[in-house]
Structure formats: C-alpha cells, structure tokens
Amino acid sequence: MRTQISWKKLSRWLSVKPKTTAYIVFVVLQIITLYILVQRYEFAKETKRNIMNTDLNAIQENIEQTLKNCYTTTLSLALTIDDNGVPRDFETIGAQLLASNNDIVAVQLVPDGIIKYTYPLKGNEKAIGLDILKSELLRDEALASILKRKMYFAGPIELIQGGQGIVGRLPVYNNNRFWGFSAVILKLDTLLENSIINSRNGSAYYFQLSKIDPLTNEEVFFLKQRKELIDNDFVSTIITDGDWKLYLIDKHPNSLFPPLVIPWLLGLLLSLWFAYLTYILVKKPAELEIFIKQQATKLFKSELQFKTIFEQAEIGIAVVEIETGRFLEINNHFCAILGYTENELKGMTFKEVTFQDDLQNDLKQLKKVNSGIIDSYSLEKRYLTKKGEIVWVALTVSPLWNEEKKHISNIAFAQNITARKSNEALIASSQKRIESLINTIDGIVWETDAEVNFTFISKKVESILGYTSDEWISSKDFWLKHIHPDDSEFVLKYCSTQTAAKLDHDFEYRMIAKNGDVIWLRDIVNLGMDFNGKLINMRGIMIDITKPKEIEYELNKSLSLVTEQNKRLLNFSYIVSHNLRSHTSNITSLINLIETSDSKEEVDHMIQLLKTVSTSLNETMLNLNEVVNIQTNVGLIQEKLNLNEIIKNTLQVLSQQIKEKEIIVQNNIDANTIINYNPAYLESILYNLFSNAIRYSSPERKPMFSISLLQDGENKILQITDNGIGIDLEQNGNKIFGMYKTFTNHKDSKGIGLFITKNQIEAMGGTVMIESELNQGTTFKIIII
C-alpha cells in the first residue's frame with residue numbers, strides 16, 4: 001500500500017515537472033548508450049589484440065623454424081670433422097648445405113675461435129683469420145654458446161664482410177674437448193623478409209626487434225621503425241634461441257574510437273528524441289499511462305536491437321534460414337570476406353558459396369543442430385569468393401529462437417584464417433624439407449622431451465637397426481629395452497650423471513637390431529635448456545660404428561697374437577743362442593785340445609768327449625726342431641676324442657713304470673666324455689704329465705695321482721693331481737715351463753717336457769696353470785677351449 005502511495009506521489013511529482021522528467025530520461029538513455037559503447041569497445045579491443053597475437057605467433061614460428069633449420073645445418077657441418085679435428089669435404093658439403101637452406105648466406109668452421117673455413121669464400125675474405133674470442137664485439141655471445149653448450153644466435157651485428165646479420169654458433173667438441181664452432185650466417189634483411197615482417201611493415205602495425213646489451217644491461221632496438229611503446233598498443237614475445245624480444249606495435253591505437261562516434265551520435269539523438277517525447281507526454285496526463293507503456297515497450301525493443309547490432313563487429317556474422325539455407329542477415333565483415341554485397345548475398349544460400357569438398361561435413365553438423373542433437377558446432381571450412389578465390393574461415397554455428405522458443409534460424413560467426421592456413425602450409429613444407437634433409441644424414445637423428453619420451457626418430461633407423469620410426473616412438477621404453485644387456489647399466493648411469501650435471505653426452509654402446517645383430521652406436525646428445533636452466537628436450541644423432549669396432553677388435557686380436565709370437569720368438573732366440581753357443585764352445589775347446597795334444601791316448605780321449613758333445617748337440621737340435629714345429633704349426637686338425645680312452649691308452653704305455661712303483665691311479669673321467677682336440681698333442685701332453693707324476697713320486701708315502709674334468713663356463717679344465725715331491729714355486733715359479741729348466745737331481749730330468757707341453761697346449765688355444773707345494777704334491781690345470 002505504501003509502495004503504491006509512493007509511486008503515485010512520484011508520478012504526480014513528475015507530471016508537474018516535465019523538463020525534469022525529460023532530463024532524467026535523457027540521462028538514463030545516455031548511461032545505457034555509453035554502457036553499450038564501452039562493452040563494444042572492450043570487445044573490439046580484445047578482438048584486435050587477439051589478431052595481433054595471432055600474427056605475432058605466426059611470425060615467431062617462422063623465425064624459430066628458420067633458426068631450427070640453421071641448427072640442422074650446423075650439426076651436419078660439425079659431423080664433417082674427423083677425430084683429428086680436420087673437416088672433410090668442407091667445400092662440397094658447404095655448397096650442399098647452402099643449396100638445401102635458402103635462409104643462410106654462408107657457413108663457417110671456427111676451430112679454437114678463429115675463422116678458418118668459410119663457404120662461399122668469395123665476399124667473405126675479410127672474415128678469415130678473425131679470432132671471435134678476442135673480439136670485444138663478438139666474444140661475449142660466443143662465450144655464451146660455450147657456457148650453454150648449445151647453439152646460440154648472436155647479433156644482429158655489423159658483419160666484417162658487409163651488411164647487418166645474425167651468426168648462429170654451435171659449440172663443437174671432439175673427443176670431449178672443445179674444438180671450436182660450427183656456424184651459419186644469416187642476413188638480417190633476409191630473416192625479416194622470410195618471416196613476413198617487411199611485407200607487413202606498411203600495414204596497420206610496426207614491428208621491432210630488441211635485445212638486452214650484456215655490457216649496459218639496456219634494451220637495444222635494431223629495426224629502423226621506432227615508436228614509443230605504450231602498454232595497450234603492442235604485444236611481444238621472446239625468441240629464445242637468440243635472446244631477442246619481438247614487438248608488434250599498433251600504428252593506430254585510437255582507431256577503435258571513430259567507429260563508435262556514429263553509434264554514440266545515434267544514441268544521443270535517440271536520447272534527445274525520447275526526452276523530447278517524454279516532455280510532450282508529461283504535458284498530457286490523461287494519455288500518460290498508456291503512452292508510457294507503449295514507449296517502454298518500444299524502448300526495450302530498441303535497446304535489444306541496439307545491443308544486437310553487429311555491423312561493426314570484427315568477425316563475419318550471418319543469420320541463415322533453416323529450411324533453405326538462405327542468408328537473412330549479413331554484416332559488413334562477412335560481406336568483405338566473400339567479396340559480395342549485402343543484397344547479393346541475401347539472394348544466395350550458404351551452399352552456393354561453400355567449397356564443395358567441405359560442404360558435406362558442414363551439412364552433417366548443421367543437421368545435428370537443426371535436430372537438436374547438439375547446441376552448436378565449430379569447424380574450419382573454405383568459402384569461394386565472388387572472384388572465385390578460396391578463403392579459409394573458422395566457423396561457429398548456433399541456433400536462434402523466436403519469442404515462442406521456436407527454432408527459426410541459425411546464426412554463423414566466421415573469422416578469416418586464410419593467412420594462418422598459409423603460414424601452416426609453409427611451416428609444414430619447411431618441416432617436410434627439414435625431415436628430408438635429416439633422413440639423408442648418415443646417422444639416426446632423434447629428439448625427446450624432458451621425460452626422455454622420443455618425439456622424433458629419422459628414417460635412417462630402419463637401415464641401421466631395422467626398426468621403423470613408428471615402432472620406436474610408439475613404445476615409451478623402446479630405446480631402453482633394446483640396449484645390449486651388458487651395456488644397459490653403464491648407459492643409464494652415464495646419461496643420468498651427464499644430465500644431472502647439465503652436460504652434453506658423447507658415448508658408445510651396443511643395441512640389439514631387429515634381426516638380432518649387435519650394433520655398436522656412437523650417441524652424440526645435446527641438451528635443450530630454458531632460461532632457468534630447466535631441461536626442455538634432448539636432441540642427438542646415433543652413428544653406426546660397428547665396422548670400426550670390428551676392425552678395432554681384429555686389430556687388437558692380431559696385436560695380441562703378434563705380441564705372443566714375438567715373446568715366443570724372443571724366448572726361442574734366447575734358447576738357441578744360449579744352448580747352441582754352449583755346445584759350439586765345447587766343440588771348439590775340444591778341437592783346440594786335440595790339436596795341441598802330444599799323445600795318442602789323450603787324442604782318443606778328447607775324440608770320445610767330442611762325440612759326447614756332438615750327441616748332445618744333436619739332441620738339442622731335435623728338441624729345438626720340435627719346438628719350432630709346434631709354434632709354426634697352423635691349422636691343426638681337431639677331432640672329437642673320447643678322453644677316457646686316450647687316458648687309458650697313455651696309462652697302458654706307462655703301465656710297467658706304474659707297476660714298479662705301485663702307483664695308485666684315480667681316473668675320474670666319465671667313459672662317454674668327448675672333447676675336440678688334436679690327438680697327437682693330447683697323447684703327448686698326457687704322457688709328459690703322467691710320466692712326471694711317476695718320475696717325481698715321493699719315496700716317503702704311497703704314490704698316487706688322479707685325473708678329473710671340471711666345467712668352467714664354456715670351457716673345460718683337465719686337472720691332474722699327484723702327491724709327489726712338489727716344487728718350490730716361490731723360488732722356481734717363473735721358470736717352471738722354461739726350456740732345460742730342472743728343479744731336482746733326478747737323472748732323467750732334462751727340462752724339456754714341460755716346455756713342449758706348454759707350447760702344445762697354447763697351440764690349441766688353451767692355457768696351463770700349476771699349483772704345487774714342496775713335499776706335498778703338484779696339480780696341473782689345463783684349460784681346454
């Protein structure tokens with residue numbers, strides 16, 4: 001009741017003050033108008049900023065793609081350096097790299113910081129011999145690339161060879177030692193032109209490139225166009241590979257205001273008009289209530305229409321009829337996209353301007369909206385302009401309802417993305433070209449993220465390891481699972497240590513190929529870090545070094561064989577010189593005595609001594625001849641022998657001696673034991689060792705010896721143990737197997753048996769070991785390969 005009374009009082013008060021009432025209406029309408037204009041301005045400003053960010057991101061991607069191409073070029077150039085630090089075929093490879101990368105104008109190799117190799121040389125002669133590590137202009141950024149152990153782009157700087165350019169330097173390490181730099185040179189103008197900067201400088205934006213001067217810590221700008229930076233007038237981004245900051249600056253920051261003048265004037269006129277009408281109406285109290293209701297309705301509709309005005313929107317907007325697909329309403333931006341006038345489009349359907357290859361997908365989604373299955377849909381599609389050109393748009397379609405909530409039409413929002421699509425096509429083409437170049441490198445080029453998940457592996461993996469790129473990338477642990485088991489622990493430990501220390505890797509290991517072969521790889525790894533030193537990714541190349549490793553193995557094997565043969569030859573030469581000199585000296589002395597003897601008896605005696613020496617010399621020659629036969633005998637015939645039968649045959653030959661000394665023999669060899677050996681050597685070895693066990697048996701105890709066969713991995717060990725007089729190994733251990741080395745006063749000791757036995761065992765690829773203790777016994781262990 002009180003509210004009704006108050007309203008009546010207010011109405012009565014307003015009815016007597018028509019000017020005040022008109023003024024209030026004017027103010028309210030102006031507030032509404034300004035609110036709508038502010039919202040429209042904020043929307044337009046955000047749209048413009050999004051467009052600027054889109055353009056800036058496209059330019060950034062172009063620049064970063066160019067720099068990535070340069071990284072591939074410097075890596076390929078670095079691979080020409082051999083282990084001696086000398087580049088191979090620099091001119092040829094330099095020409096190929098320039099031909100494959102149109103962005104660069106020269107490549108360089110800079111050993112120890114001094115420019116010694118450059119291609120092409122013509123036009124770059126002034127740069128030869130420049131020590132960049134001593135140049136105040138170049139030193140800091142060169143040291144930065146060494147410190148970061150990654151590729152770094154210096155500049156822009158004034159090049160000695162003329163012009164302003166950017167130098168990308170990749171530090172190269174040879175045998176874990178800093179060798180120098182692999183570098184590429186880009187002209188600044190070329191980089192900017194290829195990045196679509198120069199072509200846009202005359203449009204609605206300024207572009208600027210800057211960098212922090214390490215000496216002054218001030219921001220230095222490089223492009224000629226200069227404009228004061230205001231927070232709302234620009235967007236920026238960082239290009240990490242060169243520590244550059246790229247700006248996109250609005251030439252006309254106030255351009256959003258003029259389009260608002262007309263709506264504001266329209267709102268002002270409407271406000272004045274409604275204020276005037278209010279003034280007239282207030283003067284007619286009798287008609288006031290009905291008129292106010294009518295005007296309130298009109299005002300509401302007018303406000304609704306005003307809010308939905310889309311003529312000045314920065315994206316294309318169209319209202320489309322459901323049944324026919326005919327355009328009902330189109331804003332100016334939509335007309336500009338297709339090149340038609342508003343009247344022309346209103347006589348057409350969306351099907352007529354849609355590119356035929358995209359029409360079916362559009363109709364399929366539209367059917368779902370019209371059926372109420374989905375509320376809206378978004379897609380990228382192509383339109384045909386009035387000139388027959390193709391234009392790409394990002395399209396969003398939603399339904400519109402009338403007051404009865406009936407679906408009568410659809411509203412479509414279209415944003416022109418043709419420039420973005422063109423950039424994406426250029427990037428895809430560039431990536432394809434890079435991948436093609438990478439696949440020509442004689443090594444497996446790869447890339448992982450920070451979690452060591454492989455994101456790229458070149459097709460060279462198929463020819464080296466047999467696996468496809470898809471097989472490699474599809475499994476997270478593929479690389480770890482295919483490392484050779486003997487190398488797995490070393491690889492994991494090495495990689496963890498190097499990565500924790502933020503150091504690049506250069507190591508060798510084996511992998512199991514798809515066909516089961518063992519492949520040796522040299523893996524050169526470069527760590528990618530952000531400004532905070534956090535690992536971003538890893539890139540590297542796996543080089544097949546299987547053949548060099550096989551050659552190295554064969555060389556070491558041959559070296560070991562030659563070394564052993566030299567030892568034997570030296571030992572043999574010593575034996576020959578020592579033993580033959582002793583005999584010849586005796587013969588010479590006896591002949592001299594014969595020549596000076598006076599009696600026949602003395603001569604006869606000397607002749608008998610001479611015969612004895614001659615016999616000894618002949619025996620020595622026979623022994624030496626047998627040693628020579630053993631050491632020079634190659635391609636010894638090996639047969640499958642029943643070891644137990646050979647032992648029994650040898651014991652049968654020595655049966656008389658065994659019987660005389662009442663020796664107990666324990667043969668622990670299985671009756672079916674088979675070994676591969678030369679039969680003559682095996683019989684000789686067993687005879688010498690058995691006869692020694694008999695000859696040097698101890699008189700203090702019941703003599704015995706045993707024969708056993710042990711298994712040691714893939715090898716067998718033949719063990720012969722006796723309880724004889726033994727040998728003092730501390731005194732004679734280094735002479736056991738020497739020629740003519742004896743350790744007892746036994747009349748049958750000649751010191752040749754063990755020497756020949758050792759040579760026969762080694763000729764079969766085995767070794768012999770001895771364990772002995774004086775007065776306890778001796779054990780011989782023969783390793784049979």
Open item on the list: Taking Ile457's backbone N and O only, do any of them form a donor-acceptor pair with Ser469's side chain (distance below 3.5 Å, no angle check)?
Closed with: yes

TODO: Please check if the side chain of Thr499 supplies one atom and the backbone of Ser496 the other of a donor-acceptor pair under 3.5 Å.
DONE: no

TODO: Please examine the side chains of Ile524 and Arg522, heavy atoms only from C-beta on, and report whether any two atoms are closer than 4.5 Å.
DONE: yes

- [ ] Verify the distance criterion only: is there a donor paired with an acceptor across the side chains of Ser684 and Gln760 at less than 3.5 Å?
- [x] yes

TODO: Could you tell me whether the side chain of Ser655 and the main chain of Gln652 form a donor-acceptor pair under 3.5 Å?
DONE: yes

Open item on the list: Quick one, Val665 and Ile658 - any side-chain contact, counting heavy atoms below 4.5 Å?
Closed with: yes

Task: Short side-chain to backbone donor-acceptor contact, Thr92 and Asp89, under 3.5 Å - done: no

Open item on the list: Please enumerate all residues that pass ring-ring contact (aromatic ring centres under 6.0 Å, His included) together with Phe705, with sequence neighbours excluded.
Closed with: Phe690

Task: Euclidean distance, Asp712 CG relative to Ile717 CD1, rounded to 0.5 Å - done: 4.5 Å

TODO: May I ask you to check whether Thr455 and Asp449 show a side-chain donor-acceptor distance below 3.5 Å?
DONE: no

Task: Under the side-chain contact (heavy atoms from CB on, under 4.5 Å) test, residues paired with Lys502 that sit two or more places apart - done: Met529

TODO: For residues Ile685 and Val768, determine if any side-chain heavy atom of one lies less than 4.5 Å from a side-chain heavy atom of the other.
DONE: no

Open item on the list: Do the side chains of Arg539 and Glu447 get close enough for a salt bridge, i.e. N-O under 4.0 angstrom?
Closed with: yes

Task: Presence of salt bridge, Lys493 and Glu489, under 4.0 angstrom - done: no

Open item on the list: Does any part of the side chain of Leu109, heavy atoms only, come nearer than 4.5 Å to the side chain of Ile81, both counted from C-beta?
Closed with: yes

Task: Check: Tyr677 and Ile784 side chains under 4.5 Å, non-hydrogen atoms - done: yes

Task: Any donor-acceptor pair under 3.5 Å from Asn84 side chain to Val86 backbone - done: no

TODO: Indicate whether any N or O donor in one side chain lies under 3.5 Å from an N or O acceptor in the other, for Asn644 and Asn642.
DONE: no

Open item on the list: Apply side-chain contact (heavy atoms from CB on, under 4.5 Å) to residues Arg510 and Ile519 and explain how you reach the verdict.
Closed with: CA-CA 5 Å; Arg510 291 166 291 177; Ile519 304 298; over 6 Å; no

Open item on the list: Working to the nearest 0.5 angstrom, can you tell me the gap between Gln657 CD and Leu651 CG?
Closed with: 11.5 Å

Open item on the list: For the residue pair Thr468 / Asp470, report whether a side-chain donor-acceptor contact shorter than 3.5 Å exists.
Closed with: no

TODO: State which residues pass salt bridge (charged side-chain N to carboxylate O under 4.0 Å, His left out) with Asp523; sequence neighbours excluded, sorted by chain then number.
DONE: none

TODO: Could you grab the distance from atom CD1 of Ile770 to atom CD1 of Ile720, nearest 0.5 Å is fine?
DONE: 11.5 Å

- [ ] Verify whether one side chain among Ser182 and Thr74 offers a donor that lies under 3.5 Å from an acceptor in the other.
- [x] no

TODO: To the nearest 0.5 Å, tell me how far Lys661 NZ sits from Ile694 CD1.
DONE: 8.0 Å

Task: Flag, side chain of Ser691 to backbone of Tyr687, donor-acceptor distance under 3.5 Å - done: yes

TODO: Drop me the distance from Leu709's CG to Gln719's CD, to the nearest 0.5 angstrom.
DONE: 10.0 Å

Task: Worked check of side-chain contact (heavy atoms from CB on, under 4.5 Å) between Ile674 and Leu641 - done: CA-CA 5 Å; Ile674 303 296; Leu641 305 174; over 6 Å; no

Task: Minimum-distance pair of heavy atoms, taken over all atoms of Trp479 and Cys495 - done: CH2-SG, 4.2 Å

- [ ] Under the salt bridge (Lys or Arg N to Asp or Glu O under 4.0 Å) rule, what do Glu508 and Lys549 come out as? Steps first, then yes or no, please.
- [x] CA-CA 10 Å; Glu508 298 174 357; Lys549 280 291 184 180; 3.0 Å; yes

Task: salt_bridge(Lys514, Glu462) N-O dist < 4.0 Å - done: no

TODO: Return the minimal non-hydrogen interatomic distance between Asn668 and Ser706, and the atom names on each side.
DONE: ND2-CB, 4.3 Å

Task: Closest non-hydrogen atom pair, Asn672 against Asp670 - done: N-OD2, 2.9 Å

- [ ] For the pair Ser772 (side chain) and Ile727 (backbone), establish whether a donor and an acceptor sit closer than 3.5 Å, ignoring hydrogens and angles.
- [x] yes

Open item on the list: If you define the side chain from C-beta out and look only at heavy atoms, does anything of Val461 sit under 4.5 Å from Trp446?
Closed with: no

Task: Contact check, side chains of Asp504 and Gln498, non-hydrogen atoms, under 4.5 Å - done: no

Task: Aromatic ring proximity, centroids under 6.0 angstrom, Trp472 and Phe454 - done: yes

Task: His505 side chain to Leu503 backbone, donor-acceptor under 3.5 Å - done: yes

Open item on the list: Donor-acceptor check, side chain of Asp517 to backbone of Ala513, threshold 3.5 angstrom: yes or no?
Closed with: no

Open item on the list: Taking CZ in Arg88 as the centre, count heavy atoms belonging to other residues, nucleotides or ligands within less than 6.0 Å. Is the count above 12?
Closed with: yes

Open item on the list: For Asn678 and Met764: C-alpha separation, side-chain torsions, deciding distance, then whether side-chain contact (heavy atoms from CB on, under 4.5 Å) applies.
Closed with: CA-CA 8 Å; Asn678 181 273; Met764 295 301 298; 3.9 Å; yes

TODO: Please check if the distance between the ring centroids of Phe478 and Tyr467 is under 6.0 Å.
DONE: yes

Task: Trp520 backbone acceptor or donor facing Thr546 side chain under 3.5 Å - done: yes

- [ ] Start with the C-alpha gap between Lys781 and Thr779, add the side-chain angles, then the distance that decides, and say whether side-chain contact (heavy atoms from CB on, under 4.5 Å) holds.
- [x] CA-CA 7 Å; Lys781 294 182 178 179; Thr779 297; 4.2 Å; yes

Open item on the list: Just checking Gln711: does its CD atom have more than 12 heavy atoms from other residues, nucleotides or ligands closer to it than 6.0 angstrom?
Closed with: yes

Task: CD/Glu660: more than 12 non-hydrogen atoms of other groups inside 6.0 Å - done: yes

Task: Minimum heavy-atom distance Pro111-Lys116, with the two atoms named - done: CG-CD, 3.6 Å

Open item on the list: Rounded to the nearest 0.5 Å, what separates atom CG in Leu465 from atom CE in Met542?
Closed with: 7.5 Å

- [ ] Could you label the plane-to-plane angle of the Tyr509 and Phe507 rings as parallel, tilted or perpendicular, counting under 30° as parallel and over 60° as perpendicular?
- [x] parallel

Task: Close side-chain approach of Asn667 and Ile647, heavy atoms under 4.5 Å - done: yes

- [ ] Classify the angle between the aromatic ring planes of Tyr173 and Phe178 as parallel (below 30°), tilted (30 to 60°) or perpendicular (above 60°).
- [x] perpendicular

